[in-house]
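So you know, we letter chains A, B, ... as the sequences are listed, proteins then strands, and number each from 1.
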Amino acid sequence: MQRTLVKNALRSDSDCESILIQGWIRTRRDSKDFSFLAINDGSCLKNLQVIVDATLPDYTKIDQLTTGASVSIEGKLIASQGKEQKWELAARKIDILGIADHTYPLQKKGHTSEYLREIAHLRPRSNLFGCLFRVRSRLAYAIHTFFQERDFVYIHTPIITSSDCEGAGELFRVTTLDPSKPEASKDGIDFSKDFFGKPTYLTVSGQLEAEIFACALSNVYTFGPTFRAENSNTSRHASEFWMIEPEMAFCDLNGDMDLAEEFVKYLIRDFLNHCQEDLELFAKFVDKELLKRLEFVVDREFKRIPYAEAIDILRESGKTFEYPVQHGANLQSEHERFLTEEHFKCPVTVFDYPREIKPFYMRANDDGTTAAAMDVLVPRIGEIVGGSQREERLDVLANNMKEHNLNLDTYWWYLDLRRYGSVPHSGFGLGFERMLMFITGVANIRDIIPFPRTPGHAEF
RNA sequence: UCCAAAGUAGCUCAAUGGUAGAGCAGUCGGCUGUUAACCGACGGGUUGUAGGUUCGAGUCCUACCUUUGGAGCCA
């Protein structure tokens, strides 16, 4: 007999003589003559209520039907007499697939996310984390849909790389050398004896490789894991996280900002349209302001202002900030939040940042002091998108690289893109987990990623 | 890495420097078309670790560990 998902059983438009449900018991409530079971199989937030009559032969097993046990139940789908649900299952036959004894750590009552983090192998069985990971899947699907509908080509950029995308943070080294007996040379470790014959790392960004493909297939995107060995201990940073990086040939900074705005709005709208049940749970238990904030972003045009203007606004605000506001310095979290939450009261795209605080690949503007860079700022999270128009002029790029003390020989292929058929092109990066945090209201990145990796933590 | 707060039963939390407690969970029993059911009983603790102050420390002090929040770096 074919299994029916709880989601589909609850959506049924008529009763059904015989269906098979398989899942895990959330609660059991006993009466004298029968018991209620709540079964969840992860297909949706809601449980299916099962009635087990005490006259059933299988009722002798009732003591083993505890929270967490896995069961396979066949019976009749009937209209429920209770008011909390439309349908319920009158059990005919119950098979216990796996018992869960009293040591099962998940209880019927709510747990803190800090506690659930310690049992990351069981937390997907909780209501909140079930919702989160279903939404994570849906968001990944929406990302692909957005780009595929717009004729972007999905590129798999390498996870092991020999180039460090300068400015993106500390790298994890990839090596097969024995750390207790490294192949020594007079300068230290001899990486020519290493697996790839040179130093290699886990990627911090697929951007440079994506540029290669944009300069052939026009519009491309990457969507994959990236790694940072930074000792960052915050609720917004992980050592392993996923990033989306579109790259477009024949596109300038304005086109880049257009796409970023359209993309962010598309993802939020997709969530609002397809994850109603999950949204209600987040809005109720995670963040009461969630719906208001999502509509805030979806309904408004993003305000676009040059960096210099943003600095002037901050200076003239009369507010005292912990970090001083000055031309040439990076915007701090408090500055970003002031702009979106207090001054403009809408998402803000800041562009044309000073060249000195931006990486070598960003295009120099004609004013000689700024770069064609942009950041999209949203309430609460701050920067959610960072992007730029790339420097397409060979001589200017080479100069930038020298100013950043980079070895031109190691980037020979990157320079080749400007040597042969160079085109203006632009792109941006969006942190997948940051976007999920914004969409769900969940405040800690460790609750958004199935198995978080942070300094000192690589469990499971 | 820096700043701040916290750590007590399986979970969530109480306890003026003076006998460590509740709710939930668990076990046992009862009751009811129940729905994070309800009622009763029972079991459950080296108060994060190591020192110190004190007649006496969960409580005060020091160090360390862990967690959380904020900052920097960034996505």
* Could you give the CZ-to-C1' distance, from A:F34 to B:U32, as a whole number of Å? -> 8 Å
* Asked: A:D53 CG to B:U34 P: how many Å, rounded?
  -> 16 Å
* Report which part of the nucleic acid A:E433 touches: base, sugar-phosphate, or nothing (heavy-atom distance under 4.0 Å, all strands). => nothing
* Spatial distance of atom OH (A:Y266) from atom CG (A:L259) [nearest 0.5 Å] -> 12.5 Å
* Just checking A:G82: base, sugar-phosphate only, or nothing, at a heavy-atom cut-off of under 4.0 Å? -> base
* Would you write the dot-bracket representation of RNA chain B, where each base gets (, ), [, ], | or . depending on whether it forms a Watson-Crick or G-U pair under 3.5 Å and with which partner? => (((((((..((((....[..)))).(((((.......))))).....(((((..]....))))))))))))....
* **Any A:Q332 side-chain N or O less than 4.0 Å from OP1/OP2 of B:C73** => yes
* For atom P, what is the distance between B:U27 and B:G69, given to the nearest Å? -> 34 Å
* To do: Round to the nearest Å and state the distance from A:I25 atom CD1 to B:A37 atom P.
  => 13 Å
* A:F227 CZ to B:C73 P, straight-line distance once rounded to whole Å -> 24 Å
* Mind checking the C1' distance from B:C13 to B:G7? Whole angstroms is fine. -> 12 Å
* Taking only side-chain nitrogens and oxygens of A:S333, does any of them come within less than 4.0 Å of OP1 or OP2 of B:G72? -> yes
* Find the distance A:L45:CG to B:A36:P and express it as a whole number of Å. => 13 Å
* For B:U53 versus B:C60, give the span between their C1' atoms, rounded off to a whole number of Å. => 8 Å
* Heavy-atom check, side chain of A:E170 versus side chain of A:R228, under 4.5 Å -> no
* Nearest-nucleotide comparison on RNA chain B, the residue closer to the 5′ end among A:E240 and A:R337 -> A:R337
Short heteroatom pairs, N/O only, protein and nucleotides 21-30 of chain B, under 3.5 Å:
residue : atom : partner : partner atom : Å
B:A25   : O4'  : A:Q107  : OE1          : 3.4

* Contact class for A:T27 (heavy atom, under 4.0 Å): base, sugar-phosphate, or nothing? -> sugar-phosphate
* Structure fact -> What one should report as the nearest heavy-atom pair of A:V325 and A:H335 is CG2-NE2, 3.7 Å
* Is there a side-chain contact between A:V135 and A:L279 (heavy atoms, below 4.5 Å)? -> no
* Tell whether A:Q81 reaches the base of B:U34 with its side chain through a donor-acceptor pair below 3.5 angstrom. => no
* Asked: Where the side chain of A:E88 is defined as all heavy atoms beyond and including C-beta, which of B:G33, B:G72, B:C74 is the nearest nucleotide?
  -> B:G33
* Could you check whether A:I51 gets within reach of a base, just the sugar-phosphate, or nothing at all, counting any heavy atom under 4.0 Å? => base
* To do: Take the protein atom CG of A:L377 and the nucleotide atom P of B:C74, then report the distance between them rounded to whole Å.
  => 15 Å
* Below 4.0 angstrom, N of the basic side chain to O of the carboxylate: do A:R363 and A:D252 qualify? -> no
* Side chain of A:F36 (C-beta onward), nearest among B:C74, B:G33, B:U12 -> B:G33
* **Pairwise P distance, B:A71 and B:U19 [rounded to whole Å]** => 43 Å
* **pair A:Y353-A:D375: side-chain heavy atoms closer than 4.5 Å** => yes
Please write out the pairs of protein N or O atoms and N or O atoms of nucleotides 65-70 of chain B separated by less than 3.5 Å, giving the distance to one decimal.
residue : atom : partner : partner atom : Å
B:U67   : OP1  : A:H457  : NE2          : 2.5
B:U68   : OP1  : A:R117  : NH1          : 2.2
B:G69   : OP2  : A:N444  : ND2          : 3.4
B:G70   : OP2  : A:S235  : OG           : 3.3

* Asked: Ion pair present between A:D15 and A:K76, side-chain N to carboxylate O less than 4.0 angstrom?
  -> no
* Asked: When the C1' atoms of B:G58 and B:A6 are considered, how many whole Å apart are they?
  -> 14 Å
* To do: With heavy atoms under 4.0 Å as the rule, sort A:F432 into base, sugar-phosphate or nothing.
  => nothing
* Asked: Do A:E433 and A:R136 meet the salt-bridge criterion of a basic N to acidic O distance under 4.0 Å?
  -> yes
* **Nearest-Å distance once atom C1' is located in both B:U32 and B:U16** => 46 Å
* In whole angstroms, how far is the C1' atom of B:U35 from the CH2 atom of A:W87? -> 19 Å
* Asked: Do NZ/NE/NH1/NH2 and the carboxylate oxygens of A:K319 and A:E342 come within less than 4.0 Å?
  -> yes
* To do: Considering non-hydrogen atoms only, spot the tightest contact between A:T222 and A:A210 and give its length.
  => CG2-CB, 3.8 Å
* Asked: What distance, rounded to whole Å, do you find between the two P atoms, one in B:G45 and one in B:A5?
  -> 32 Å
* Asked: Do A:D58 and A:K93 sit within salt-bridge range, that is, some charged N less than 4.0 Å from a carboxylate O?
  -> no
* Minimum-distance nucleotide (side-chain atoms of A:S80 versus B:U34, B:C73, B:A37) -> B:U34
* To do: Mind checking A:Y115 for me? I need base, sugar-phosphate or nothing, with any heavy atom below 4.0 Å counting as a touch.
  => sugar-phosphate
* To do: Determine whether more than 12 heavy atoms belonging to other residues, nucleotides or ligands lie under 6.0 Å from atom OH of A:Y141.
  => no
* Validation row: A:P199, A:R173 side chains within 4.5 angstrom (heavy atoms) -> yes
* Distance, C1' atom - from B:G21 to B:U47, rounded to whole angstrom -> 12 Å
* Structure fact -> From CG of A:N127 across to C1' of B:U35 the rounded distance in Å is 13 Å
* To do: Check whether any side-chain heavy atom of A:I445 sits under 4.5 Å from a side-chain heavy atom of A:M437, and report yes or no.
  => yes
